[in-house]
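Shown next, in structure tokens, is the structure this report addresses.
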Amino acid sequence: MNDTPRARRRRLRRALLASAAGTAVLGGVLVTLPWGEQAPPPAPTPPERALAAVTSGVPAALPDLEALAAERERHLRTHPGDARAWAELGAARTEQGLRLADPRYWPRAEKALRTALTVRKDSVPALRGMAVLANARRDYEDARAWGEAARKLEPERWTTYPPLIEASAGLGDDEEAGRLLEKLAKLRSGPVVMARAAAVYRDRGWREDAAAKLADAASAAGEPAERAACLERAGQLAWERGDREDALRHFQEAVRTDPDQRAAQAGQGRALAALGRTTEALSAYRTALARQPRPEYALELGELYEALGMRPAAVVQYGLLRERARLAATHGGDEELVLGRFEADHGDAGAAVRRLRAEWERQPSTEVADALGWALHRAGEHEEALPFAVRATEGTEGGGVRSALFAYHRGMIERALERYGAARRHLTEALRINPWFSPLHAPRAKEALARLGEPSVQAGPQSS
């Protein structure tokens with residue numbers, strides 16, 4: 001071996017370079033992987049985030065939903081026998097329809113879910129997905145049937161209970177909703193359960209308990225879309241109790257957290273109008289409707305225009321309401337409740353009664369009771385209207401939703417029946433709950449109350 005001084009220097013230089021490189025690699029490992037620790041797991045991909053959301057019943061970000069749907073469609077082209085993937089595709093399409101208020105997603109969701117059940121008839125994720133889809137379409141009877149089929153197969157699977165609770169509430173079965181909530185709470189804790197409990201508490205009139213649950217749910221929520229949904233519901237509770245500023249703060253924070261939270265944008269319109277910030281209110285409603293054209297937002301905006309004396313602009317919104325309701329019906333959705341409310345105040349009260357009678361037969365909820373009672377009143381059937389108004393304001397066991405609109409409806413029906421003491425009491429209650437509950441009806445409540453005047457000293461007690 002030629003061991004000249006030059007050769008020895010070359011060998012030494014190569015050894016030093018190899019040693020330095022090895023030390024750098026080892027040093028990097030030691031920095032990123034200290035002894036006894038593991039590398040952190042990679043951040044979830046958009047499809048993984050959306051999947052975690054839709055399978056646990058919480059809102060998902062719209063871009064993540066599209067990524068999940070596209071990924072599952074690619075997978076199913078080569079694996080058409082994967083029942084779980086079909087169920088996940090159906091769940092994603094249902095959530096897209098809800099978030100965009102676009103019922104055209106629902107037939108696609110149903111096709112995917114039914115394919116899952118064809119591949120595997122006992123697919124609990126697919127059965128649960130059908131329950132969620134039926135709730136989205138406001139078909140609560142079907143939602144309950146699908147949910148019960150899923151629960152029969154796996155009674156301890158917690159994810160089946162939220163859609164069952166929603167279906168029971170939609171059917172006016174508050175007692176069953178409470179029982180289901182108790183079972184859910186035994187199986188699971190966390191923001192999903194808190195948010196569902198808040199909805200049940202709100203329907204019972206336990207507004208403070210509902211607000212506390214929503215605050216806890218928002219704090220514990222994981223993804224921005226989930227937290228924004230909790231904030232939007234908290235804003236709605238604040239609005240229902242007449243706290244315009246607190247409602248606006250919640251709605252604004254929800255939109256900052258998730259810019260696609262259009263329900264919160266419509267909520268901003270509601271609160272801003274009550275605060276007298278009319279230009280901002282109109283802008284907020286238009287923004288909400290541009291991306292989530294729900295018929296009830298069109299009704300609210302139309303009534304705001306009407307209150308401002310802008311009748312032609314109101315008519316445009318009422319036309320949008322009818323158009324979106326027709327689109328929903330074409331794709332299996334049910335917007336009879338909002339159509340009935342619209343017809344009672346702005347169209348044919350007799351048609352409203354017919355619509356809402358059929359709706360009451362199908363799903364006798366508190367909201368339908370209020371709407372049917374008001375439609376009957378508007379059609380001149382005051383005696384028949386009153387029991388529905390009582391049902392809406394008192395519930396089935398003396399504790400109902402604390403709604404200014406419902407109290408106003410009852411007060412006006414009682415006024416028409418010349419039950420002036422009861423009318424005065426309920427109109428006062430409506431304005432105490434929320435003096436700004438409607439740009440059209442709140443001023444009418446104040447006017448009716450002024451006409452009733454102070455109670456007569458000689459007048460005896462009147463039944464409500």
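Nothing here was measured: the structure is a model prediction, and the numbers come from that model.
Gln96 and Arg93 form a side-chain donor-acceptor contact under 3.5 Å, judged by distance and modelled atom types alone. Between the side chains of Arg391 and Thr366, at least one donor-acceptor pair of N or O atoms lies under 3.5 Å.
For Asp258 (side chain) and Ala61 (main-chain N/O), no donor-acceptor pair under 3.5 Å exists by modelled atom type. Checking side-chain atoms of Gln292 against main-chain N and O of Arg99 turns up a donor-acceptor pair under 3.5 Å. Using modelled atom types, one side-chain atom of Thr257 and one backbone atom of Glu253 make a donor-acceptor pair closer than 3.5 Å. Looking at Gln265, its side chain never comes within 3.5 Å of a backbone N or O of Ala284 through a donor-acceptor pair. Within the 3.5 Å criterion, the main-chain N or O of Ser168 finds no donor-acceptor partner in the side chain of Arg144. Panel note: side chain Asn135, backbone Pro163; a donor-acceptor pair is recorded below 3.5 Å.
Residues Glu245 and Leu275 form a side-chain contact, since some pair of their non-hydrogen atoms from C-beta on lies under 4.5 Å apart. Considering only heavy atoms from C-beta on, Arg324 comes within 4.5 Å of Pro103 through its side chain. Side-chain contact between Met412 and Trp374 is present, with heavy atoms from C-beta onward closer than 4.5 Å. The shortest distance between side-chain heavy atoms of Leu299 and Gln317 does not fall below 4.5 Å. Within the 4.5 Å cutoff, no side-chain heavy atoms of Arg128 are placed close to those of Glu154. Using a 4.5 Å heavy-atom cutoff, the side chains of Leu282 and Tyr305 are in contact. Considering only heavy atoms from C-beta on, Leu372 comes within 4.5 Å of Arg357 through its side chain. Counting heavy atoms from C-beta outward, Trp158 and Ser56 have side chains that approach closer than 4.5 Å.
Electrostatic pairing of Arg355 and Glu359 does not count as a salt bridge here, judged by no charged N lying under 4.0 Å from a carboxylate O. Between Arg291 and Asp260 there is a salt bridge, with a side-chain nitrogen of the basic residue lying less than 4.0 Å from a carboxylate oxygen of the acidic one. A salt bridge is absent between Glu71 and Arg74: the closest approach of a Lys/Arg side-chain nitrogen to an acidic carboxylate oxygen does not fall below 4.0 angstrom. Looking at Glu148 and Arg151, a side-chain N of the basic residue comes within less than 4.0 Å of a carboxylate O on the acidic one, giving a salt bridge. Salt-bridge check for Glu303 with Arg341: failed, with every basic side-chain N at 4.0 Å or more from each acidic carboxylate O. With respect to the salt-bridge test (charged N to carboxylate O, under 4.0 angstrom), the residues Glu110 and Arg137 qualify. Salt bridge status for Asp246 with Arg249: present, with a side-chain N to carboxylate O gap under 4.0 Å. Here Arg410 pairs with Glu394 in a salt bridge; the nearest charged N to carboxylate O distance falls below 4.0 Å. Between Glu156 and Lys186 no salt bridge is recorded (no basic side-chain N to carboxylate O distance below 4.0 Å).
In this structure, Phe388 has its ring center under 6.0 Å from that of Trp360. Two rings, from Trp106 and His331, have their centers 6.0 Å or more apart.
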| query | How far apart are the C-alpha atoms of Ile433 and Glu240, what are their side-chain angles, what is the distance that settles it, and do they pass the side-chain contact (heavy atoms from CB on, under 4.5 Å) test? | reply | CA-CA 7 Å; Ile433 293 171; Glu240 288 176 358; 5.9 Å; no
| request: Test side-chain contact (heavy atoms from CB on, under 4.5 Å) on Arg204 and Asp209 and set out the steps. | output: CA-CA 10 Å; Arg204 291 177 175 176; Asp209 297 305; over 6 Å; no
| field | Worked check of side-chain contact (heavy atoms from CB on, under 4.5 Å) between Tyr201 and Leu237 | value | CA-CA 11 Å; Tyr201 293 167; Leu237 279 177; over 6 Å; no
| said: Test side-chain contact (heavy atoms from CB on, under 4.5 Å) on Trp86 and Arg114; report intermediate values, then the result. | reply: CA-CA 8 Å; Trp86 282 114; Arg114 289 193 181 278; over 6 Å; no
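Val193 and Ala185 make their closest contact through CG1-CA, 4.2 Å (heavy atoms, listed as atom of the first residue, atom of the second, distance). Contact record, Pro443 with Ser438: CD-O, 3.6 Å, taken as the closest heavy-atom pair. Nearest heavy-atom pair, Ala281 versus Gly269, reported as atom, atom and distance to 0.1 Å: CB-O, 3.4 Å. Across Arg120 and Ala83, no two heavy atoms sit closer than the pair CB-CB, 3.8 Å. In plain terms, the two heavy atoms of Arg402 and Gly205 that are nearest each other are CD-O, 3.5 Å. Gly90 and Ala109 get closest at one heavy-atom pair: O-CB, 3.5 Å.
Surrounding CZ of Arg362 are more than 12 heavy atoms belonging to other residues, nucleotides or ligands, all under 6.0 Å away. Environment of CZ in Arg241: crowded, with over 12 heavy atoms of neighbouring residues, nucleotides or ligands closer than 6.0 Å.
Note that CG of Leu337 and CZ of Phe342 are 14.0 Å apart. Values are rounded to the nearest 0.5 Å. How far CG of Leu68 is from CD of Glu95: 10.5 Å, rounded to the nearest 0.5 Å. Here the CG atom belonging to Leu127 is positioned 8.5 Å from the OG1 atom belonging to Thr160, to the nearest 0.5 angstrom. Expressed to the nearest 0.5 Å, how far CZ of Arg157 lies from CZ of Arg188 amounts to 12.0 Å. Atoms CG and CD, from Leu289 and Glu300 in turn, are 9.0 Å apart once rounded to the nearest 0.5 Å. Atom CZ of Arg207 and atom OG of Ser403 lie 8.5 Å apart (nearest 0.5 Å).
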